[in-house]
Amino acid sequence: MKSLTALRLVAGVHAVAICLQPVFAGIYLNGSGAAMRMHEPTGLALTFTGLLQLLIATIWWRSGGRLLAPAATLLITLGEGFQVAMGYTRQLAIHIPLGVALVAGAVAFAAWTTRQRVAVPV
């Protein structure tokens with residue numbers, strides 16, 4: 001099914017991009033302002049990537065996939081939106097642990113998609 005392949009691709013890109021976020025933050029804390037100029041747009045791009053992933057996950061679910069895909073993607077995407085808000089307001093006590101949870105969730109979701117099988121019509 002093409003929607004599962006697309007979901008795997010977008011989830012993989014999403015997972016790689018979200019893993020870059022703590023790297024950019026660490027480089028920024030080490031004194032590089034350029035890293036923050038990468039951290040901010042990457043965070044915004046992740047939210048839009050999450051919306052694309054939600055669309056594809058919903059299409060896959062509606063064509064015989066699992067409901068867990070859009071449900072998990074919705075939680076991750078909502079978390080990313082909240083994460084962006086916490087970053088802009090400098091609420092680091094929420095921003096940092098939420099970021100750790102989002103990285104774990106996005107990577108786990110991408111791994112989960114690789115174990116899914118194409119639905120066979122009966």
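- Expressed to the nearest 0.5 Å, how far OG1 of Thr49 lies from CD1 of Ile76 amounts to 12.5 Å.
- Scanning both residues, Leu7 and Ala69, for their nearest heavy atoms gives CD2-CB, 4.2 Å.
- Taking CH2 of Trp60 as the reference point, atom OG1 of Thr73 lies at 10.0 Å (rounded to 0.5 Å).
- Once rounded to the nearest 0.5 Å, the distance linking CG of Leu46 with CG of Leu51 reads 11.0 Å.
- Membership of the apolar cluster around Leu74 extends to Leu54, Leu78, as traced through chained side-chain contacts below 4.5 Å between ILVMFWY residues.
- Rounding to the nearest 0.5 Å places CD1 of Ile56 at 11.0 Å from CG of Leu4.
- For the pair His95/Leu92, a side-chain contact is recorded, criterion being any heavy-atom separation below 4.5 Å from C-beta on.
- Nearest heavy atom pair, residue Pro70 against residue Thr58, reads CB-OG1, 3.6 Å.
- The two atoms that bring Pro97 and Ile94 nearest to each other are CD-O, 3.4 Å, heavy atoms only.
- Remark: Gln116 engages no residue in a side-chain hydrogen bond (donor to acceptor under 3.5 Å, both in side chains) (not counting sequence neighbours).
- Two residues are said to be in side-chain contact when any heavy atoms from C-beta on lie closer than 4.5 Å; Arg37 and Phe24 fail this criterion.
- With values rounded to the nearest 0.5 angstrom, Met86 atom CE is found 13.0 Å from Ile96 atom CD1.
- Residues Glu40 and Tyr88 come closest through the heavy atom pair OE2-OH, 2.6 Å.
- When atom types are taken as modelled, the side chain of Thr113 and the backbone of Arg8 share no donor-acceptor pair closer than 3.5 angstrom.
- With sequence neighbours excluded, the residues forming a ring pair (Phe, Tyr, Trp, His ring centres under 6.0 Å) with Phe109 are Trp112, listed by chain and number.
- Checking side-chain atoms of Gln53 against main-chain N and O of His14 turns up no donor-acceptor pair under 3.5 Å.
- Within the model, atoms OG of Ser3 and CG of Leu55 stand 10.5 Å from one another, a figure rounded to the nearest 0.5 Å.
- When the side chains of ILVMFWY residues are joined at heavy-atom separations under 4.5 Å, either directly or via intervening members, Val84 and Tyr28 end up in two distinct hydrophobic clusters.
- The two residues Thr42 and Ala17 have their closest heavy-atom pair at CG2-O, 4.0 Å.
- Nearest heavy-atom pair across His39 and Gln21 is O-NE2, 3.0 Å.
- Counting only heavy atoms from C-beta outward, the side chains of Ile27 and Met38 never approach each other to under 4.5 Å.
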Working note: Ile18 + Glu80, criterion side-chain contact (heavy atoms from CB on, under 4.5 Å); need CA distance, chi angles, decisive distance, verdict. CA-CA 10 Å; Ile18 206 167; Glu80 287 170 345; 3.6 Å; yes
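- Ile59 and Phe48 end up in different hydrophobic clusters when Ile, Leu, Val, Met, Phe, Trp and Tyr side chains are linked at under 4.5 Å.
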